[in-house]
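A short write-up of the structure that comes next.
Letters go in sequence order (proteins before strands), and every chain restarts at 1.
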Amino acid sequence: MAVGFFERVYQIVRMIPRGQVATYGQIAAIVSHPRAARTVGWALHALPEGSDVPWQRVINAQGMVSITCELHDPILQRELLEEEGIVFDEEGRVDLERYRWEGLPWPQIEVLWHEWEEKS
DNA sequence: ACAATGACATAAG
DNA sequence: GCTTATGCCATTG
């Protein structure tokens with residue numbers, strides 16, 4: 001299935017701490033494909049429902065939930081984030097300055113990934 | 001190999 | 001601020 005790219009995306013998303021968010025472009029940059037933000041979105045869209053990937057912590061560069069797909073519910077994402085303590089303003093946006101995850105260089109992601117795997 | 005498809009990003013009006 | 005247009009790129013048919 002050649003899902004190497006997707007797997008890397010999933011690993012990174014799993015590293016986003018609870019209560020913080022990252023943007024699609026940010027994830028793409030970490031996997032060394034700065035222009036592949038759309039593909040990152042596609043990767044999350046393709047996630048199975050029972051996945052352990054905190055997909056709700058990935059939003060667009062404007063701090064808004066960006067689900068246009070009819071099969072998925074944007075409300076769900078918002079509720080999941082609010083459950084983690086993230087506050088939405090009246091326009092349905094989050095304060096990226098405040099909740100944004102700084103991100104990590106890819107090599108470090110790999111290290112954390114191995115630790116995560118051992119604990120599981 | 002080619003064209004279409006997105007849970008995007010950015011620039012321009 | 002909001003709406004369009006354009007660039008992007010892995011995946012799929």
Side-chain angles (χ1 to χ4, degrees):
Chain A
M1 290 249 284
V3 291
F5 185 84
F6 281 15
E7 286 302 326
R8 288 196 291 275
V9 169
Y10 298 153
Q11 287 180 26
I12 293 167
V13 175
R14 271 187 275 243
M15 296 309 152
I16 304 175
R18 180 184 172 84
Q20 291 191 262
V21 298
T23 68
Y24 297 96
Q26 211 181 333
I27 304 297
I30 293 175
V31 291
S32 302
H33 288 263
R35 315 292 169 185
R38 301 188 74 166
T39 310
V40 172
W42 181 254
L44 297 182
H45 175 242
L47 270 173
E49 187 157 341
S51 167
D52 58 350
V53 177
W55 54 270
Q56 71 273 20
R57 295 176 192 152
V58 184
I59 58 183
N60 68 19
Q62 298 161 37
M64 302 195 286
V65 166
S66 178
I67 295 178
T68 61
C69 175
E70 297 178 3
L71 301 178
H72 298 71
D73 192 356
I75 307 292
L76 171 63
Q77 181 170 13
R78 174 167 175 159
E79 287 177 349
L80 287 170
L81 289 176
E82 288 178 329
E83 205 172 309
E84 298 185 354
I86 292 178
V87 178
F88 287 74
D89 65 16
E90 57 278 352
E91 294 180 353
R93 298 194 296 189
V94 311
D95 185 353
L96 277 179
E97 293 293 314
R98 179 174 173 184
Y99 298 111
R100 199 167 116 88
W101 177 51
E102 305 90 354
L104 295 169
W106 174 247
Q108 191 169 350
I109 294 281
E110 270 190 317
V111 173
L112 293 174
W113 170 250
H114 287 311
E115 294 177 2
W116 185 92
E117 247 182 348
E118 291 173 5
K119 289 180 183 177
S120 299

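A donor-acceptor pair under 3.5 Å links the side-chain atoms of A/Tyr10 to the main chain of A/Ala43, judged by distance alone. Under the 3.5 Å distance criterion, the side-chain polar atoms of A/Gln56 are left unmatched by any main-chain donor or acceptor of A/Gln77. Of the possible donor and acceptor atoms, one in the side chain of A/Gln26 sits under 3.5 Å from a partner among the backbone N and O of A/Trp101. A donor-acceptor pair is defined here as one N or O able to donate and one able to accept, closer than 3.5 Å; such a pair exists between the side chain of A/Arg57 and the backbone of A/Ile16.
Candidate nucleotides C/dT11, B/dA9, B/dA7 were compared by shortest atom distance to the side chain of A/Ala61, and B/dA9 ranks first. Between C/dG1, C/dG7, B/dA7, one nucleotide has an atom nearer to the side chain of A/Tyr24 than all others, and that is B/dA7. Residue A/Thr39 has its side chain nearest to B/dG6 when only B/dG6, B/dA9, B/dA7 are considered. The side chain of A/Ala37 sits closest to B/dA9 out of B/dA9, C/dG1, C/dA10. Candidate nucleotides B/dA9, B/dA7, C/dC9 were compared by shortest atom distance to the side chain of A/His45, and B/dA7 ranks first. Of the candidates B/dA9, B/dT10, C/dT11, the closest approach to any side-chain atom of A/Gln62 belongs to B/dT10. Counting only heavy atoms from C-beta on, A/Phe6 has its side chain closest to C/dT11 among C/dT11, B/dA9, C/dC8.
A/Ile75 places its CD1 atom 14 Å from the C1' atom of B/dA7, with the value rounded to the nearest Å. With rounding to whole Å, A/Tyr10 atom OH is found 12 Å from B/dA7 atom C1'. If you take CD of A/Glu90 and P of C/dG1, they are 11 Å apart, rounded to a whole angstrom. At whole-Å resolution of the value, CD in A/Glu7 and P in C/dT11 are 11 Å apart. If you measure from atom CE of A/Met64 to atom P of C/dG1, you get 10 Å, rounded to the nearest angstrom. For the pair A/Leu47 CG and C/dT11 P, the interatomic distance rounds to 14 Å; values are reported in whole Å. The interatomic distance linking A/Gln77 (CD) with B/dA7 (P) rounds to 12 Å, in whole Å. Protein atom CD of A/Glu91 is 11 Å distant from nucleotide atom C1' of C/dC2, rounded to whole Å.
Checked against side-chain hydrogen bond (donor to acceptor under 3.5 Å, both in side chains), A/Arg93 has the following partners two or more places apart in sequence or in another chain: A/Glu91.
Counting heavy atoms from C-beta on, the side chains of A/Asp89 and A/Asp95 never come closer than 4.5 Å. The shortest side-chain heavy-atom distance between A/Phe88 and A/Val65 falls under the 4.5 Å cut-off.
DNA chain C lies under 4.0 Å from at least one heavy atom of each of the following residues of residues 25-36 of chain A: A/His33, A/Arg35, A/Ala36.
A/Val9 and A/Val31 get closest at one heavy-atom pair: N-CG1, 4.4 Å. A/Leu47 and A/Trp55 get closest at one heavy-atom pair: CD1-CB, 3.8 Å.
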Bracket notation of DNA chain B in which parentheses pair within the strand, [ ] cross earlier pairs, and | pairs with another strand (Watson-Crick or G-U, under 3.5 Å): .|||||.||||||
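The aromatic rings of A/Trp116 and A/Trp113 lie parallel to each other, with less than 30° between the two planes, well short of the 60° mark.
In the interface, the side chain of A/Arg38 is paired with the base of C/dC8 through a donor and an acceptor atom under 3.5 Å apart.
Across the interface with DNA chain B, nearest-nucleotide mapping of A/Trp42 and A/Asn60 shows A/Trp42 to be the residue nearer the 5′ end.
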